[in-house]
Amino acid sequence: MPDLKKTSPLGVFIEHLNKGQLAYQVCTDDDTPVFYPRAVAPKTGSTNLEWRISKGLGTVYSTTVVHAAKDQPPHNVVLVDVDEGFRLMSRVEDLDPMQVKIGMRVKFKVHPGNEKELPYAVFTPAEGAK
Amino acid sequence: MSSPKRGSVAVVGAAESDLGQVAPHTSPLDLMAQATRRALDDCGLKLADVDGLFVAASQVRFGPMSLAEYLRIKPKYFDGTIIGGSSFMSHLAHAQAAIEAGLCEVALIAYGSTQRSVSRAAASPREFNYYESPYKPILPISAYAMAAARHMHQYGTTRENLAEVAVAARKWALMNPIAWEKEPLTIEQVLKARMVSYPFTVRDCCLVVDGGGAIIVTSAARAKSLKKKPVHVLGTGEALSHATISNMPDLTVTAAAESGPKAFKMAGIKPSEVDMVSLYDAFTITPILFLEDLGFCPKGEGGRFVSGGNIAPGGKLAVNTSGGGLSYCHPGMYGLLVMIEAVRQVRGECGQRQVKDCEIALAHGNGGVLSSQCTVLFGAPSTV
């Protein structure tokens with residue numbers, strides 16, 4: 001059981017991001033990947049949660065192009081199915097937002113944090129990556 | 001534990017507040033109170049008869065407390081379940097259980113919003129979520145847009161199919177004197193409107209207007225003596241599946257696939273026996289998903305089912321005859337108004353847009369980002 005007075009699930013996730021790693025948990029009771037990180041595993045209610053590091057490859061499950069404001073270029077928002085068996089929201093960078101397609105292979109990288117914002121996971125195209 | 005009984009309670013009063021754009025400084029509670037007064041007049045009951053209170057609203061955090069204060073009533077039973085736009089279908093199911101258990105006899109379900117007046121950002125502020133907020137989705141729109149994109153990818157649904165939903169809603173709205181939209185709409189206009197979150201243009205998205213509503217529910221026995229024909233609750237089903245779109249297991253299958261069968265089982269009927277369908281159309285994809293998940297067409301066929309004017313006036317199935325959240329009214333959490341139209345259709349009060357011999361109507365509510373799904377089947381006294 002994590003001591004929530006000392007570490008938090010998101011805190012550990014961010015520590016990994018700061019090392020360039022996309023971390024996730026596995027509930028060792030039923031060997032199921034868990035994401036977002038939690039203090040207690042969903043369904044089993046177990047506290048046997050182990051941290052693992054993803055290889056960082058995934059597939060776009062769905063995508064949208066957001067037109068937020070007239071003075072800003074449109075940006076994409078995606079849901080990525082990571083190969084280890086969990087899904088997260090993200091964005092695909094280095095590509096025109098309308099060219100981001102469902103089924104596209106993508107690779108994780110860190111969007112670094114700063115004083116105002118925490119780091120977070122983004123993706124870039126990884127065509128050809130199996 | 002006993003299950004709720006088919007037809008044991010009935011909606012006896014139903015009314016909207018003023019809709020659209022209300023005067024400056026009008027409060028959501030003013031709208032709830034106005035709708036309540038109209039719903040009481042609709043059935044001939046008095047405020048003092050109300051002993052059960054059900055409220056949900058994004059601008060009134062402690063709904064039952066605030067409306068009880070405004071109306072100075074002391075309900076014996078109250079419930080502030082808030083699961084987005086389907087809250088009120090959930091309230092109706094809970095009211096039935098409470099009335100059957102003798103915890104109250106006359107339940108008031110109320111809603112009000114001034115989101116057009118105060119802005120949507122102010123009326124319904126988003127919670128920060130580290131796992132989503134940094135990517136700047138426009139919520140809830142982008143979540144529904146991703147469901148639409150996935151449906152298009154998996155089943156060949158097109159933007160034209162989506163636009164058919166908006167066009168059908170507009171055709172119905174033109175027969176509803178209190179609908180917000182007054183001008184005809186074409187598929188072309190939907191497709192060429194301002195893009196908001198691909199594949200949705202602004203015409204794929206519900207209205208942002210002020211408004212509220214109230215429904216009065218009582219036992220079938222008491223309903224008999226009231227002003228209008230009772231509209232019985234034949235079946236209800238409630239289901240939760242997730243809170244955030246990144247945690248929805250399959251973006252093409254909603255929990256309506258659970259709430260629908262529950263409601264149909266309780267009612268002892270099949271989708272083919274439903275005369276009119278009132279579905280929460282927050283976005284053009286939602287009626288498509290719900291028609292599939294509630295059993296009106298096979299999974300994946302929703303886009304084709306709504307096309308060719310099949311859900312418009314004169315089509316195969318009467319869907320959202322009020323004009324829906326897309327063209328009639330969408331004051332934030334629209335589910336209560338979804339039920340009001342179904343009730344009116346069963347009563348035969350819909351004038352030009354009345355569905356002939358409407359004895360059974362389905363009202364389906366959706367909340368969050370396809371997160372909560374609640375289904376209600378209403379029936380005329382002849383169906384009980």
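Below, each value reflects all heavy atoms present in this structure, side chains not excepted, and no hydrogens, waters or symmetry copies.
- Heavy atoms closer than 4.5 Å to chain B are found nowhere in Pro42(A), neither backbone nor side chain.
- No other option in Leu88(A), Leu10(A), Asn76(A) has as many heavy-atom pairs under 4.5 Å with chain B as Leu10(A).
- Interface check for chain B: of the options Arg91(A), His111(A), Arg87(A), the most heavy-atom pairs under 4.5 Å are formed by Arg87(A).
- The two residues Gly58(A) and Asp83(A) come nearest to each other via the heavy atoms CA-OD1, 3.6 Å.
- For Phe86(A), no part lies near chain B; criterion is any non-hydrogen pair under 4.5 Å.
- Contact of the Phe13(A) side chain with the Trp51(A) side chain is registered, since non-hydrogen atoms from C-beta on lie closer than 4.5 Å.
- Between His242(B) and Ser371(B) the shortest heavy-atom distance is O-CB, 2.9 Å.
- By the 4.5 Å heavy-atom criterion applied to side chains, Leu279(B) and Val319(B) are counted as neighbours.
- With Phe128(B) as the aromatic partner, Arg126(B) does not meet the cation-pi criteria of under 6.0 angstrom to the ring centre and within 45 degrees of the ring axis.
- For the set Gly103(A), Pro74(A), Ala121(A), the entry with the most heavy-atom pairs within less than 4.5 Å of chain B is Ala121(A).
- Looking at Thr63(A), the atoms closer than 4.5 Å to chain B (heavy atoms on both sides) all sit in the backbone: N, CA, C or O.
- At least one donor-acceptor pair closer than 3.5 Å links the side chain of Gln115(B) to the backbone N or O of His330(B).
- Residue Met248(B) touches chain A through its backbone alone, counting heavy-atom pairs closer than 4.5 Å.
- Most heavy-atom pairs under 4.5 Å with chain A: of the set Tyr130(B), Tyr135(B), Phe200(B), Tyr131(B), this distinction falls to Tyr135(B).
- Comparing Tyr61(A), Phe35(A), Tyr120(A) by how many heavy-atom pairs each has under 4.5 Å with chain B, the most go to Tyr61(A).
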Inset, instruction - Run the numbers on Lys299(B) and Asp293(B) for salt bridge (Lys or Arg N to Asp or Glu O under 4.0 Å), then give the verdict. - result: CA-CA 7 Å; Lys299(B) 179 47 71 186; Asp293(B) 293 336; 2.8 Å; yes
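- Only the backbone of Val78(A) comes within contact range of chain B, with at least one heavy atom under 4.5 Å from a heavy atom of that chain.
- For chain A, no part of Asn129(B) is nearby; none of its heavy atoms comes within less than 4.5 Å.
- In this structure, Ser86(B) contributes its side chain and Met89(B) its backbone to no donor-acceptor pair below 3.5 Å.
- Between the side chain of Glu292(B) and the main chain of Gly302(B), a donor-acceptor pair closer than 3.5 Å is present.
- Counting heavy-atom pairs under 4.5 Å between each of Ile14(A), Val77(A), Thr64(A) and chain B puts Thr64(A) at the top.
- Of the two parts of Ile141(B), neither the backbone nor the side chain holds a non-hydrogen atom closer than 4.5 Å to a non-hydrogen atom of chain A.
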